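Have a look at the structure below before the remarks.
Keep in mind it's a predicted model, so treat the numbers as computed, not measured. Just so you know, ligand 1 is whichever comes first in the structure, and atom 1 is the first atom listed for that ligand.
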Amino acid sequence: MALYAAAANVLAGVENRQGSIKGLVYASRFQNVKQLYALVCETQRYSAVLDAVIASAGLFRAEKKLKPHLAKVLVYELLLGKGFRGGGGRWKPLLGRHQARLKAELARLKVHRGVSRNEDLLEVGSRPGPASQVPRFVRVNTLKTCTDDAIDYFKRQGFSYQGQASSLEDLRTLRGKRFLLDPLLSELLVFPAQTDLHEHPLYQAGHLILQDKASCLPAMLLAPPPGSHVIDACAAPGNKTSHLAALLKNQGKIFAFDLDAKRLASMATLLVRAGVSCCELAKEDFLAVSPSDQRYRQVQYILLDPSCSGSGMLTRQLEEPGADTPSKERLHALAGFQQRALCHALTFPSLQRLVYSTCSFCQEENEDVVRDALQQQSPGTFRIAPVLPSWPHRGLSTFPGAEHCLRASPETTLTGGFFIAVIERVEVPSPASQAEALAQELIPSPAPKRKRRQRKAVAGRSTLPCT
Ligand code: SAM
């Protein structure tokens, strides 16, 4: 199907609530997905302006057979886009007859509203918002290359390296062909917002992963050392799994689960491209994975990034501003699953550290899930670890410890919307260390002052008998 007809179909589908722009673009089977997506989003953004211009130019009175969604796409292309592509086919002569009138109506509208640029005609909500200012983050895949080599490659391609950023302001003001190293993550490069590296040879070869900074935090904060065993509970499409593998240096094991066969298939491709060799992928419901299975006896680290409303996703914010509030019913269902998954993860016997993350802004999927799951554990078994004290955006203070959680958003951290809680097992002294402490108590010490201090400290632990 031709581009303009495909775009008109997607717009009609969105209006009839058949799906999101992204979903309908993929369902259209149009080959150049990016081109179609961009055209639909832009036409949608200018929808009210286009309606006004088309109406005042009397286009439908003159062209009775022209369908409204197609007309909108064509007029967008003629007045606001790059002009008709591929010669414009039969639409060029049709619209050509009305070109002068349509242009005059657009000019009249600008005079009427006292603006000079097309962009100023947009409603405040559809002007480029903070989401469109988020820089393009690029994670260097250390399984295949190193940061210095990636930087050199970009420099040879004419990009100008500005060193490591020292503040968010450095990231905010990035323009043109400049790029930086992120102030927090040493393998994260930062490019200006509009940079598109999907066709870049280093990306195609798996040396670079196009991954938002907030989405790099879960693996970074889980920080499994090489050799350890990790569960990635809801893993597809696998960006965080490949990050975990890089931190493990491919040594150890990642057990990655997901329910969705299609997503798992693209994850398998992604992992091969990224050179990941320490991951076992399984199409399995994480809730059905048995914590007592001997295969998982050494699992000390779990990453839980479950399905969520996605209300913080950048594409969602760019595509359908304002559509980021899921219904109560959907939130309830999602939070129910998230909480079951978190409680299940906390039952793995060797678990030491778990990262729970979502790309949602909603408290119900974030702080509430963590609070309720922790309340269901025996008191003092797990706690929320205080991490990244300088991170500017914290969890909502809805319960004690919630301030240790991290939040992220385009406005506050120049990233997509995100939530992260790092949960760790509270150290319980093992029977061996209890016996050792007790023995120390019973051996007379040559330094009476020190002994007194020691006795006081040990007596403070409720698990030890007082002597
Ligand atoms: N962590 C992934 C990444 O960084 O690429 C993104 C995970 S996505 C937010 C959530 C995933 O959870 C989806 O792929 C979905 O299919 C999967 N999922 C949903 N319910 C699940 C379940 N019960 N067990 C395992 N995976 C599940």
Is [X] salt-bridged to [Y], cutoff N-O under 4.0 Å?
{"X": "D196", "Y": "K34", "value": "yes"}
{"X": "R295", "Y": "D293", "value": "yes"}
{"X": "D182", "Y": "K213", "value": "yes"}
{"X": "R353", "Y": "E424", "value": "yes"}
{"X": "R407", "Y": "E367", "value": "yes"}

Under 4.0 Å from a heavy atom of [X]: which atoms of ligand 1 are those, numbered in the order shown and with their elements?
{"X": "D260", "result": "16 (O)"}
{"X": "R263", "result": "8 (S), 13 (C), 14 (O)"}
{"X": "P306", "result": "9 (C), 10 (C)"}
{"X": "A233", "result": "25 (C), 26 (N)"}
{"X": "G238", "result": "3 (C), 5 (O)"}

Identify the protein heavy atom lying closest to [atom], giving its residue, its atom name and the separation to 0.1 Å.
{"atom": "atom 7 (C) of ligand 1", "answer": "A236 O, 3.1 Å"}
{"atom": "atom 20 (N) of ligand 1", "answer": "F337 CZ, 3.4 Å"}
{"atom": "atom 21 (C) of ligand 1", "answer": "L259 CD1, 3.5 Å"}
{"atom": "atom 18 (N) of ligand 1", "answer": "S307 OG, 3.8 Å"}
{"atom": "atom 23 (N) of ligand 1", "answer": "D285 OD1, 2.8 Å"}
{"atom": "atom 1 (N) of ligand 1", "answer": "D305 OD2, 2.8 Å"}

Under 3.5 Å between some N or O of ligand 1 and some N or O of [X]?
{"X": "C234", "result": "yes"}
{"X": "D232", "result": "no"}
{"X": "F286", "result": "yes"}

### Query
How many angstroms lie between CD1 in I302 and CG in L346, if you round to the nearest 0.5 Å?
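So the gap between those two atoms works out to 7.5 Å.
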### Message
On a heavy-atom basis, I'd like to know which of L303, D258, T358 is closest to atom 26 (N) of ligand 1.
### Response
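Comparing heavy atoms across L303, D258, T358, the nearest one to atom 26 (N) of ligand 1 lies in D258.
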### Query
atom 2 (C) of ligand 1: which of G310, S242, A235 has the nearest heavy atom?
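Ranked by closest heavy atom to atom 2 (C) of ligand 1, first place is A235.
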### Task
Check whether any heavy atom of E284 sits under 4.0 Å from an atom of ligand 1.
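Right, E284 reaches ligand 1.
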### Message
Using a 6.0 Å distance limit plus a 45 degree cone around the ring axis, check whether R136 lies over the aromatic ring of F179.
### Response
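No.
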### Query
Quick one: does ligand 1 sit under 4.0 Å from the side chain of S215, the backbone, both or neither, non-hydrogen atoms only?
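The answer is neither.
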### Message
Heavy atoms only, cut-off 4.0 Å: how does K240 contact ligand 1, side chain, backbone, both, or neither?
### Response
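Under 4.0 Å from ligand 1, K240 contributes backbone and side-chain atoms.
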### Message
Students often mix this up, so state it plainly: with edges at 30° and 60°, are the rings of Y46 and Y76 parallel, tilted or perpendicular?
### Response
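If you compare the ring of Y46 with that of Y76, the planes turn out tilted.
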### Ring centres under 6.0 angstrom apart (F154, Y161)
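Here the rings of Y161 and F154 have centres that are no less than 6.0 Å from each other.
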### Task
Taking the six-membered ring for Trp and the single ring otherwise, decide whether the centroids of H344 and F286 are under 6.0 Å apart.
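Yes; F286 has its ring centre under 6.0 Å from that of H344.
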### Task
Could you please spell out the steps behind the salt bridge (Lys or Arg N to Asp or Glu O under 4.0 Å) verdict for D51 and K72?
CA-CA 7 Å; D51 281 342; K72 215 181 248 187; 3.4 Å; yes
### Task
For Y153 and F159, run ring-ring contact (aromatic ring centres under 6.0 Å, His included): C-alpha distance rounded to whole Å, both residues' side-chain angles, the deciding distance at 0.1 Å, then the answer.
CA-CA 9 Å; Y153 196 101; F159 285 89; 9.8 Å; no
